[in-house]
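Structure, as structure tokens:
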Amino acid sequence: MTDFLDTVSGSRASISSTTNRYIVGPTIELRLPLGFGVEADALYRHFRYNSTASLVDAVSTLTTSGGAWEFPILLKKRLLKGPSRPFLDAGISFDRISGVSQTVQTVIFPNRTITSTNSNPAELKNDFSSGFTMGGGVELKALMLRVTPEIRYTRWGTQHFNSIITNGSLGSNLNQAEFLIGLTW
């Protein structure tokens, strides 16, 4: 529901980001008495951002992509019994950036091009972050399958990306809202 990265283009820079709208990964839950449970997930999302900056005698283009692994550990409370059970959950999340690849291409006028690739871009300030997560949803039982639509909110403690690129800016979104659908049995 929210983008992974926030971008603002400036007078000499154009910055854009793409966050894939799907998140995938396994989940495990330990069910406890009285409708309580402890859930742990390993969720993956892919992201990409591009920046084009115009300098006096050059144009520089950055193309960066990577993945973010999110590991929430949640205390869950089911509120009712039956085939349709609303629930609330809250806990902590850890987020790790991995597989970052950045290609920088600089065209220096009139006819010189320099291209480089790296896995540690300057705008990546922290490859690890933690935060508070809370959410709610409903668990629907259909034979042996459980379908669990949920809305989650996470407030991250630190930004992964934080940079000013030629009057534009790139930053991680500290407020994250997600709509998730879990399939378990």
Side-chain angles (χ1 to χ4, degrees), residues 1-8 15-50 64-101 119 123-162 169-185:
M1 293 178 7
T2 56
D3 288 328
F4 185 70
L5 298 170
D6 287 328
T7 61
V8 176
I15 305 170
S16 64
S17 71
T18 303
T19 303
N20 289 352
R21 294 293 174 200
Y22 61 87
I23 300 170
V24 296
T27 183
I28 188 167
E29 182 179 344
L30 173 63
R31 293 185 181 254
L32 302 172
L34 303 174
F36 284 96
V38 177
E39 179 180 328
D41 304 327
L43 306 174
Y44 176 82
R45 84 176 75 230
H46 183 78
F47 65 89
R48 171 183 303 276
Y49 63 91
N50 301 307
T64 309
S65 66
W69 283 95
E70 185 179 338
F71 302 99
I73 301 170
L74 306 168
L75 178 64
K76 183 184 269 189
K77 171 64 174 153
R78 287 175 185 76
L79 303 174
L80 301 172
K81 293 190 182 259
S84 174
R85 298 183 74 178
F87 65 87
L88 298 172
D89 54 20
I92 57 173
S93 286
F94 304 97
D95 196 39
R96 175 92 166 148
I97 301 295
S98 66
V100 177
S101 176
S119 61
E123 56 273 15
L124 178 60
K125 303 300 181 191
N126 299 299
D127 64 354
F128 177 82
S129 185
S130 60
F132 173 75
T133 300
M134 63 182 184
V138 62
E139 180 182 87
L140 307 167
K141 287 184 186 179
L143 300 175
M144 293 181 59
L145 183 67
R146 288 188 176 104
V147 180
T148 314
E150 176 181 2
I151 293 178
R152 276 191 196 163
Y153 168 78
T154 303
R155 172 65 183 178
W156 295 108
T158 56
Q159 288 191 338
H160 291 297
F161 294 90
N162 188 3
S169 68
L170 170 73
S172 300
N173 196 340
L174 293 177
N175 296 301
Q176 178 181 318
E178 301 169 327
F179 175 71
L180 303 170
I181 297 177
L183 299 173
T184 57
W185 57 94

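Bear in mind that the values here come from a model prediction, so they are computed numbers and not experimental data. Residue numbers run from 1 in the order of the sequence given.
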Q: Would you check if the side chain of K76 reaches a backbone N or O of G35 as a donor-acceptor pair within less than 3.5 Å?
A: no
Q: Taking all non-hydrogen atoms of both residues into account, name the closest pair between L74 and G91 and its distance.
A: CD2-N, 3.6 Å
Q) Just wondering, do E70 and I23 contact through their side chains at under 4.5 Å, heavy atoms? A) no
Q.
Suppose the criterion is salt bridge (charged side-chain N to carboxylate O under 4.0 Å, His left out): which pairs have a residue in residues 151-160, not counting sequence neighbours?
A. E39-R152, D41-R152, E150-R152
**Q.** I28, CD1: over 12 other non-hydrogen atoms inside 6.0 angstrom
**A.** no
Q.
Could you tell me if the side chain of L183 sits less than 4.5 Å from the side chain of V147, heavy atoms only?
A. yes
Q: For the residue pair I92 and S130, establish whether any side-chain heavy-atom pair is separated by less than 4.5 Å.
A: no
Q | Donor-acceptor under 3.5 Å (D3 side chain, L5 main chain) | A | no
Q: List the steps and the verdict of side chain to side chain contact (heavy atoms under 4.5 Å, CB included) for S84 and V138.
A: CA-CA 7 Å; S84 174; V138 62; 3.5 Å; yes
**Q.** Inter- and intrachain pairs under salt bridge (charged side-chain N to carboxylate O under 4.0 Å, His left out), touching residues 129-139, at least two apart
**A.** R31-E139, R78-E139, E139-R146
(Q) Is it the case that the side chain of T19 and the backbone of F4 share a donor-acceptor pair, with hydrogens and angles ignored and the cut-off at 3.5 Å? (A) yes
Q.
Restricting to side chain to side chain contact (heavy atoms under 4.5 Å, CB included), what partner residues turn up for S65, sequence neighbours left out?
A. H46, R48
